[in-house]
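Only heavy atoms go into these numbers, but all of them, side chains included; no hydrogens, no water, no symmetry mates. Computed from a predicted model, the values in this text were never measured in an experiment.
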Amino acid sequence: MKRCLKWVVVAAFWVSIQAAAQTSSGLRRDARLTAQDLTELRSLEEPPPGVDWRLTVGAARTGAQNGEKRWSTPFQLRALFDRGRTAFKLSGDGFSSVRSAEGNASGLNDVNAVLSHAFASGLIGEIGMTLPSGGEVGSSTGRKRIGATYNRRLGGRWDGQIQLRLIRFDADQPSGVSRVRRQGLVQAAYNFDAPRTALVFQLTRNYRPGAGGAAQGAAIFEFPLQETKRPPVGALGFTRGLTAGARDNTLEFDVSIRF
């Protein structure tokens, strides 16, 4: 009986680490795209009025340390208005397909709806909620979140960013497991002479008392796909899990289109 209980606890901890790793992808993507917006706004004497739309779509493949293979189609739809001070975002990991020794699963992931506002130079606050998609890979209950981002020029071609976020689960949690997950990100970006070309380094950490946590490191290369005033921007990235038992590798490519 004790042996069975031990394996149940180990399995629950592994699931919590995998869930944390998946939510980190959204944090990393949002931090990188937010930095793009701030870099462009700083270059303008006066942000234009109206609404600026951007759609980011991509594909990601994760090879987990336990042999699990996962494909997903991450996305973000962003509307920037109020002369660049306020943004509304819909994002998620899109459709996922998971293959493991225990079986296969596929379906739509949860969708995040977020409203953010810039209160001062480089300082952004956000509130949002997660809409459950159910099915084989989605959640059955929603979540709420608040967060803050600080981005500043570090000197030369470098800029840095810090994101902190609290996510509260709506459903009752198992005994000893907190309702709140903490997320943190540190990012440094080197901007090349070529417009919209940058090399981004990220370190993320998720922690939920009673359920454990996970850390990941990532490197992403951003580059324009055309030589136009507002070209589509491609991003090719590699993420490595840094937590024992969850040293997963993820390759991801996405394209951002403004309209």
Side-chain angles (χ1 to χ4, degrees), residues 25-58 74-92 112-128 145-165 184-204 218-237 252-259:
S25 65
L27 180 69
R28 292 191 302 270
R29 190 182 317 116
D30 182 63
R32 180 170 56 80
L33 295 174
T34 297
Q36 289 181 9
D37 287 339
L38 293 175
T39 298
E40 180 174 356
L41 288 171
R42 287 180 182 137
S43 67
L44 301 176
E45 293 184 3
E46 180 66 25
V51 180
D52 179 73
W53 293 89
R54 180 183 63 209
L55 176 63
T56 300
V57 293
F75 73 95
Q76 185 191 87
L77 176 64
R78 187 271 284 142
L80 190 66
F81 53 98
D82 188 24
R83 293 190 177 274
R85 291 187 291 266
T86 306
F88 177 74
K89 307 171 186 176
L90 289 176
S91 64
N112 301 306
V114 178
L115 184 68
S116 64
H117 182 77
F119 294 98
S121 178
L123 181 62
I124 301 173
E126 67 171 27
I127 58 173
R145 80 192 211 191
I146 60 172
T149 299
Y150 180 66
N151 182 289
R152 67 167 295 169
R153 189 66 58 85
L154 298 178
R157 296 191 178 98
W158 288 92
D159 61 58
Q161 183 167 292
I162 297 175
Q163 275 204 24
L164 300 174
R165 182 179 294 166
L185 173 143
V186 177
Q187 174 176 289
Y190 180 83
N191 300 290
F192 294 89
D193 287 334
R196 304 181 188 276
T197 304
L199 184 60
V200 182
F201 302 95
Q202 298 176 327
L203 179 64
T204 60
I220 307 100
F221 180 60
E222 301 175 342
F223 53 95
L225 299 178
Q226 293 178 347
E227 294 184 2
T228 59
K229 184 177 180 180
R230 303 180 73 184
V233 176
L236 179 63
E252 183 173 357
F253 176 76
D254 64 49
V255 177
S256 296
I257 302 171
R258 307 278 288 279
F259 56 95

- Are V200 and E222 close enough that some pair of their side-chain heavy atoms sits under 4.5 Å apart? yes
- Query: Side-chain contact, heavy-atom cut-off 4.5 Å: K89 with L77?
  - Reply: no
- Query: Looking only at heavy atoms, what is the nearest atom pair of A35 and Q187, with distance?
  - Reply: CB-NE2, 3.5 Å
- Item | CZ-CZ distance between R230 and R196, expressed to the nearest 0.5 angstrom | 7.0 Å
- Message: Any carboxylate oxygen within less than 4.0 angstrom of a Lys/Arg side-chain nitrogen, looking at E126 and R145?
- Response: yes
- Query: If you measure from the Lys or Arg side-chain nitrogens to the Asp or Glu carboxylate oxygens, is any gap between D52 and R258 under 4.0 Å?
  - Reply: yes
- Please name the pair of heavy atoms, one in A79 and one in W53, separated by the smallest distance, quoted to 0.1 Å. CB-CZ3, 3.7 Å
- pair L33-R54: side-chain heavy atoms closer than 4.5 Å: yes
- Item | Salt bridge D254-R29, side-chain N to carboxylate O under 4.0 Å | no
- Between I124 and S116, what is the shortest heavy-atom contact and its length? CG2-CB, 3.8 Å
- Message: To the closest 0.5 Å, what do you measure between CG (N151) and OG1 (T34)?
- Response: 8.5 Å
- Query: Given side chains that start at C-beta, do those of L225 and P231 come closer than 4.5 Å, heavy atoms only?
  - Reply: no
- Message: For P47 versus L41, what's the shortest heavy-atom pair and its separation?
- Response: CB-CD2, 4.1 Å
- Tell me, with the steps shown, if F259 and L55 meet side-chain contact (heavy atoms from CB on, under 4.5 Å). CA-CA 8 Å; F259 56 95; L55 176 63; 3.9 Å; yes
- Task: Given side-chain contact (heavy atoms from CB on, under 4.5 Å), test Q161 with R32 step by step and report yes or no.
- Result: CA-CA 9 Å; Q161 183 167 292; R32 180 170 56 80; over 6 Å; no
- Item | Donor-acceptor contact present, side-chain T39 to main-chain D37, <3.5 Å | no
- Query: Between CD1 of I257 and OG1 of T56, what distance do you get to the nearest 0.5 Å?
  - Reply: 8.5 Å
- Query: Would you call T197 and P224 a side-chain contact if the rule is heavy atoms closer than 4.5 Å?
  - Reply: yes
- Apply side-chain contact (heavy atoms from CB on, under 4.5 Å) to the pair L27 and Q163, showing each step before the final yes or no. CA-CA 8 Å; L27 180 69; Q163 275 204 24; 3.2 Å; yes
- Note on the structure: Here the gap from F88 atom CZ to R78 atom CZ, rounded to the nearest 0.5 Å, amounts to 12.5 Å
- Message: For the residue pair N191 / R153, report whether a side-chain donor-acceptor contact shorter than 3.5 Å exists.
- Response: no
- Query: If you measure from CZ on R28 to CG on L203, what distance do you get to the nearest 0.5 Å?
  - Reply: 10.5 Å
- Between the OH atom in Y150 and the CD1 atom in I162, the distance rounded to the nearest 0.5 Å is 8.5 Å
- Message: Checking V186 against F201 for the side-chain contact (heavy atoms from CB on, under 4.5 Å) test, could you report, in this order, the C-alpha distance in whole Å, the side-chain angles of both residues, the deciding distance, and whether it holds?
- Response: CA-CA 8 Å; V186 177; F201 302 95; over 6 Å; no
- Message: I'd like to know if D30 pairs up with R165 as an ion pair, taking the criterion as any Lys NZ or Arg NE/NH1/NH2 lying under 4.0 Å from an Asp or Glu carboxylate oxygen.
- Response: yes
- Please state whether the rings of F221 and F192 are parallel, tilted or perpendicular, taking 30° and 60° as the class boundaries. perpendicular
